[in-house]
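Heads up: the structure comes next, in structure tokens.
Chain letters run A, B, ... following the sequence lines, proteins first, then strands; residues in each count from 1.
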Amino acid sequence: MAEATFLDSTELVLNMGPQHPSPHGVRRVILKLDGEKVLGADCVIGYLHRGVEKIGENRTYQQFTPYVDRMDYVAAVSNGLGYCLAVEKLLNIEAPPRAQAVRVILTELNRIASHLVWLGTHALDIGALTPVFYCFREREEVLTVFENYCGARLTTHAFRIGGLQYELYDGFEEQVKAFCDMFLAKVDEYEELLTGNRIWIGRLKGVGILTAEECKAYGVTGPLLRAAGVKWDIRKAQPYSGYDQYEFDIPTGENGDTFDRYKVRLEEMRQSVRIIRQAVDRIPEGPIMGKVPKVIKPPVGEAYVSIEAPKGELGYFVVSDGSPQPYRVRVRPPSFINLQAVDKMVRGGLVADVVAVIGTIDIVLGEVDR
Amino acid sequence: MASVPWEDELTKRLQDQFGDRILEFSTYLGQNFLVARPEAVIPIIEHLKLEAGFDYLVDVTAVDYPQRPERFDLVYILYSFSRNERVRIKTRIAEGATPPSATGVHLTANWLEREVYDMFGIRFAGHPNMQRILLPEEWQGHPLRKDYPITRQDDRWVQENLGIESAQ
């Protein structure tokens, strides 16, 4: 038998994380490598598990609202919207039109903020240092709107079951419009930095491919599914909060690779601006809270309500036993389910692509672990 | 639950195929669900996937009713892209029962069933990797059971691994 030399390739198991500079929180990926080639990946998660679903069973319906913001803290407004809609469904009520319009505006602003965090950190992972500063600069404007509206920037607790707690502040419309006018040019600026950049293309094109069939098999939704060519967005498929009144397109990709996901998310930001502009122009007058009892006790029953969160389908399955506390709150987290496909996406690729793939899924570990 | 019966061509087909293994077809708040015997669940999911276009398993979860003899509700949520429709499949299982895994039909069931095991202690037969997913593997107890109070923790694990008396 020939003596082993350093040229022989052997399988190597490499631990990536839980503390690792490639961002997106605390998680561990166990990689099986043959040289630079990835043979498989296993995720170890749960480092941020706080038992959010258990907490839900031990709080009243209203008390639980701020907790949901702490799952996907980059898109707290979406989390709150999904939960409020689920409880409203159980109560069989709808928020008044004015509240719905404000909800749409804030949720779309939050989608932009979430995509900006993704774009900045993803580019940083790949080695482009500039975009993160640009992205966070514009995100700051969005967070200022949130701060002016409800006093919080990140975990906003913007909505209440049945509508909104706060009326709009003076100058809200102008500030949002000014943001829209400013922001579209900025998206072009990001494109200028990245889209034609040879390194960017080289690192992203053909990396981490998921076909439409694979996406469906793994339950992968959101921009990943759309980048694979499936024109599916819950805002269009099963509209909520009056999304059917607004005109917007669903951007799709063709190849289902990391580059297409980048293109899809950029276009989604432009479409969000389109929605916000329409909504802000015609915020109806009227009350901001529906008729909701002081103590919420939905009739015995259960409902599943999902929304198109920035990361994919965010669902709440709420079971009521008629008491003031939910009997069960199940959160269907898009990050958790999309992360499962990471093994499929990195298999056969290079170890350097693992960072690109984890970046492209756009996970927030607060939501993965709950 | 004030649900009303659910009847359309889909329920008719399922009725023909599965007969009395499906106990109930209902609609509550405009959402369709069916209740089936545990052994029929995977065949129904497979049938819905292959014959009716329900190709996306949205979620698998459980609800604990400790006072019932069949203590757990297992809930599967399915979606069909072609029909733009959601269906919930529910079944009742007893403590210690090992329902068959859905991983053979939908890959996404892998982590979802692991989470159900982690939180409720329901083991799925035929699952490729039936381990905890969010809590540490050695953790004692399954937190989303109703007899697991919110203040409880695995004292031994916390003391051994975190080096502190209590995490509460």
Exercise for the section: Only pairs at least two apart or in different chains count here, so list each ring-ring contact (aromatic ring centres under 6.0 Å, His included) that has a residue in residues 8-40 of chain B. Expected result: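 Counting only pairs at least two positions apart or across chains, the ring-ring contact (aromatic ring centres under 6.0 Å, His included) contacts touching residues 8-40 of chain B are B:Trp6-B:Phe25, B:Phe18-B:His47.
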Could you report the tightest heavy-atom contact between [X] and [Y], atom names first, then the distance?
{"X": "B:Gln31", "Y": "A:Ala303", "result": "OE1-CA, 3.3 Å"}
{"X": "A:Glu313", "Y": "B:Tyr56", "result": "OE1-OH, 2.7 Å"}
{"X": "B:Val60", "Y": "A:Arg330", "result": "O-NH2, 4.2 Å"}
{"X": "A:Val319", "Y": "B:Val63", "result": "CG2-CG2, 4.1 Å"}
{"X": "B:Trp111", "Y": "A:Gln340", "result": "N-OE1, 3.1 Å"}
{"X": "A:Ile55", "Y": "B:Ile150", "result": "CA-CD1, 4.0 Å"}

For [X], is it the side chain, the backbone, both or neither that has a heavy atom under 4.5 Å from a heavy atom of chain B?
{"X": "A:Asn58", "result": "side chain"}
{"X": "A:Val44", "result": "neither"}
{"X": "A:Leu91", "result": "neither"}
{"X": "A:Leu339", "result": "both"}

Handout entry: Those residues of residues 95-104 of chain B, ordered by number, that approach chain A below 4.5 Å (heavy atom to heavy atom)
Key =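 At a heavy-atom separation under 4.5 Å, chain A is reached by no residue of residues 95-104 of chain B.
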Which atoms of [X] approach chain A - backbone, side chain, both or neither, heavy atom under 4.5 Å:
{"X": "B:Tyr148", "value": "both"}
{"X": "B:Arg88", "value": "side chain"}
{"X": "B:Val105", "value": "neither"}

When rounded to the nearest 0.5 angstrom, what is the spacing between [atom1] in [X] and [atom2] in [Y]?
{"X": "B:Met119", "Y": "A:Arg370", "atom1": "CE", "atom2": "CZ", "result": "7.5 Å"}
{"X": "B:Glu115", "Y": "A:Ile337", "atom1": "CD", "atom2": "CD1", "result": "8.5 Å"}
{"X": "A:Phe317", "Y": "B:Ile77", "atom1": "CZ", "atom2": "CD1", "result": "6.0 Å"}
{"X": "B:Asp59", "Y": "A:Tyr316", "atom1": "CG", "atom2": "OH", "result": "12.5 Å"}
{"X": "A:His49", "Y": "B:Ile133", "atom1": "NE2", "atom2": "CD1", "result": "11.5 Å"}

Exercise for the section: Under 4.5 Å, counting heavy-atom pairs only, tell me which of A:Gln238, A:Glu57, A:Lys344 racks up the most with chain B. Expected result: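 Most heavy-atom pairs under 4.5 Å with chain B: A:Gln238.
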Got more than 12 heavy atoms from elsewhere within 6.0 Å of [atom1], [X]?
{"X": "B:Glu9", "atom1": "CD", "value": "yes"}
{"X": "A:Lys236", "atom1": "NZ", "value": "yes"}
{"X": "A:Lys54", "atom1": "NZ", "value": "yes"}
{"X": "B:Arg152", "atom1": "CZ", "value": "yes"}
{"X": "B:Gln17", "atom1": "CD", "value": "yes"}
{"X": "A:Glu94", "atom1": "CD", "value": "no"}

Practice task
Look only at the side chain of A:Arg328 and the backbone of B:Asp64, and say whether a donor-acceptor pair between them is shorter than 3.5 Å.
Solution key: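 No: the side chain of A:Arg328 does not pair with the backbone of B:Asp64.
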Handout entry: N/O donor-acceptor pair under 3.5 Å between B:Lys146 side chain and A:Tyr327 backbone
Key =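 Present.
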Shorter than 4.5 Å, heavy atoms on both sides: which option in [options] has the most such pairs with chain A?
{"options": "B:Leu112, B:Val58, B:Asn129", "value": "B:Val58"}
{"options": "B:His106, B:Lys90, B:Lys49", "value": "B:Lys90"}
{"options": "B:Asn110, B:Asp118, B:Leu107, B:Leu135", "value": "B:Leu107"}

Problem - B:Pro143 side chain reached by A:Glu53 side chain, heavy atoms, under 4.5 Å - result: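 A:Glu53 does not reach B:Pro143 side chain to side chain.
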Handout entry: Proximal to chain B - members of residues 209-221 of chain A, heavy-atom separation under 4.5 Å
Key =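 Expected list: A:Lys216, A:Ala217, A:Tyr218, A:Gly219, A:Thr221.
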Practice task
Return the set of residues passing side-chain contact (heavy atoms from CB on, under 4.5 Å) with B:Glu138 (not counting sequence neighbours), or none when no residue passes.
Solution key: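 Checked B:Glu138 against side-chain contact (heavy atoms from CB on, under 4.5 Å); matches are B:Pro136, B:Trp157.
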